[in-house]
2 protein chains.
Amino acid sequence: MTYHHGNLRQTLLDRAAEIIAESSVEALSLRKLARDIGVSHGAPARHFKDKSALLNALAHEGHLRMSIALDKAVEAAGMDPLARHNAMGKATIKFALKNPTFYNVMNHPDVLKHADAKLNAYIFAQLHLVQTSASDAREAGWLPDQDPLTVFAFSTAAAIGAASLLTARHETDFFEGIDVEKLADQIIDVVIPPSLKALKALQEIEP
Amino acid sequence: MTYHHGNLRQTLLDRAAEIIAESSVEALSLRKLARDIGVSHGAPARHFKDKSALLNALAHEGHLRMSIALDKAVEAAGMDPLARHNAMGKATIKFALKNPTFYNVMNHPDVLKHADAKLNAYIFAQLHLVQTSASDAREAGWLPDQDPLTVFAFSTAAAIGAASLLTARHETDFFEGIDVEKLADQIIDVVIPPSLKALKALQEIEP
DNA sequence: GGTGTTATGTTGTCAATGCCTACATTTTGA
DNA sequence: TCAAAATGTAGGCATTGACAACATAACACC
């Protein structure tokens, strides 16, 4: 009856996300995906030239959602540059914890390898935002002795490292029974004090 | 003439590493691997039950080499717990930069997913070593206000995050023309002062 | 030195997959 | 209305991972 599916593109993306969540990126097969949805094995090609193209689209959607989450968190943090950068770091890890599927796709080596120009530009722009945020925090008094690039790379490394460490839920789970969200916040608070005020207080006490 | 290859197992591993270095983990095919070496397509099965088994073996070799590199770096750092932990962090990133192939295999999601018990145990043990190192540094005066788990997770996240950030050599190369080894060292020095003396000096100046 | 056993490699086969092409049906818009 | 574009189908092809049956080499033991 309905020869045309109507919204196959979105259905493909949704079901693909489900399959990846259940197993992994590698386990995703275009033919199985088509079978699941109840459409012929050639149909997906009309919407995604390639398997890479589909994963690319998923990664893009993930980046969109993540940047929205980060924006929101940063705005909620107010005007203090340290608070904003701190919030950005925490929000990054939180996104990874709450959206493991998207996060996995976004960081999968094969996906990154075949990322198209648009996706690459998006990633680049996002990194640039983090860089600016780090520089702002530095100019407000955070790590004044380090150059801006080091400060940026340090905070970025901590955030993505924490995300990858805490989302790694394979056999060797080092964080069994631990509140990883809380741990994530604590990590970021070590990276950058949660406010300019906290930074000053820290400097007063140290002698 | 020589119907038996003689050391097919090692040859497979070596050639596999080359192929991965040239392209990627996904691009590795058992049949192409066999063709390259000049052996029938069924031969690899005698040495590796599975494609996963081969990658597992490669990952294991990578972890072995890395732990040797870390041991060496830590011993060379002397007795100061801060210097040792600092050296461990730097050596981790350096290993990733100098052995991108092994590092990629070791951290590839598909490889981790199919890691056998032995490999998992090895990874677990390695993490435990880092945890001990972090605790020692903490007891020597580093970040005394944070709990040991936070201190461990913070330093580990920074190291693996820096490794992944600095080895990500895709289109969007944010670190074009930058001395990444130097940057890596600077990042780790922000994470943990390179010596107990440096830590004290830092605390004196701060007021 | 012969011989049975194990280790190693070969060949053939199968199902699954990604991608391509030719074709069918629906939708659209001038 | 009807031609063109969009969307879905069906079949085919080369590649791949895994398996099984077989061949040969290496080795241990008498």
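Just the heavy atoms: all of them, side chains too, but no hydrogens, waters or symmetry mates, feed the values below. Remember, predicted model here, so these are calculated numbers, not experimental data. Quick note on labels: first sequence line is chain A, next is B, and so on, each numbered from 1.
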Would you indicate, yes or no, if [N] has its OP1 or OP2 atom less than 4.0 angstrom from a side-chain nitrogen or oxygen of [X]?
X: A/R35; N: C/dT17; answer: yes
X: A/S29; N: C/dT17; answer: yes
X: A/H47; N: D/dG8; answer: yes

First of A/R46 and A/K32 reached from the 5' end of DNA chain C, by closest nucleotide: A/K32
Given atom [atom1] of [X] and atom [atom2] of [N], what is their separation to the nearest angstrom?
X: A/Q10; N: D/dT7; atom1: CD; atom2: C1'; value: 17 Å
X: A/K49; N: D/dT7; atom1: NZ; atom2: C1'; value: 19 Å
X: B/E26; N: C/dT17; atom1: CD; atom2: C1'; value: 16 Å
X: B/R9; N: C/dA7; atom1: CZ; atom2: P; value: 15 Å
X: A/L33; N: C/dA16; atom1: CG; atom2: C1'; value: 15 Å
X: B/I19; N: D/dT16; atom1: CD1; atom2: P; value: 10 Å
X: B/F48; N: C/dG9; atom1: CZ; atom2: C1'; value: 15 Å
X: B/H5; N: C/dG9; atom1: NE2; atom2: P; value: 8 Å

Where does the angle between the aromatic ring planes of B/W142 and B/H85 fall among parallel (under 30°), tilted (30 to 60°) and perpendicular (over 60°)? tilted
What contact category does A/L28 fall into here, base, sugar-phosphate, or nothing, at under 4.0 angstrom with non-hydrogen atoms? sugar-phosphate
Nearest-neighbour nucleotide for the [X] side chain, [options] considered:
X: A/R31; options: C/dG9, D/dT9, C/dC19; value: C/dC19
X: B/L30; options: D/dT16, C/dT11, D/dA18; value: D/dA18
X: B/K51; options: C/dC23, C/dG9, D/dG17; value: D/dG17

Can you check whether B/A27's main-chain N or O pairs, donor with acceptor, with B/K32's side chain at less than 3.5 Å? no
Donor-acceptor pair, B/R84 side chain versus B/G78 backbone, under 3.5 Å? yes
Salt bridge flag under 4.0 Å for residues B/K90 and B/D189: yes
Rounded to 10°, tell me the angle between the two end axes of the helix from C/dG1-D/dC30 to C/dA30-D/dT1, each built from five pairs. 10°
Begin with the C-alpha distance, continue with both residues' side-chain angles, and end with the deciding distance and a verdict on side chain to side chain contact (heavy atoms under 4.5 Å, CB included) for A/T92 and A/K94. CA-CA 5 Å; A/T92 300; A/K94 200 155 297 176; over 6 Å; no
Nearest heavy-atom approach of B/A157 to A/L165 is N-CD2, 4.3 Å
Do you know which two heavy atoms are closest between B/L149 and A/L183, and how far apart they sit? CD2-CD2, 4.2 Å
Side chain B/H41 and base C/dG9 donor-acceptor under 3.5 Å: no
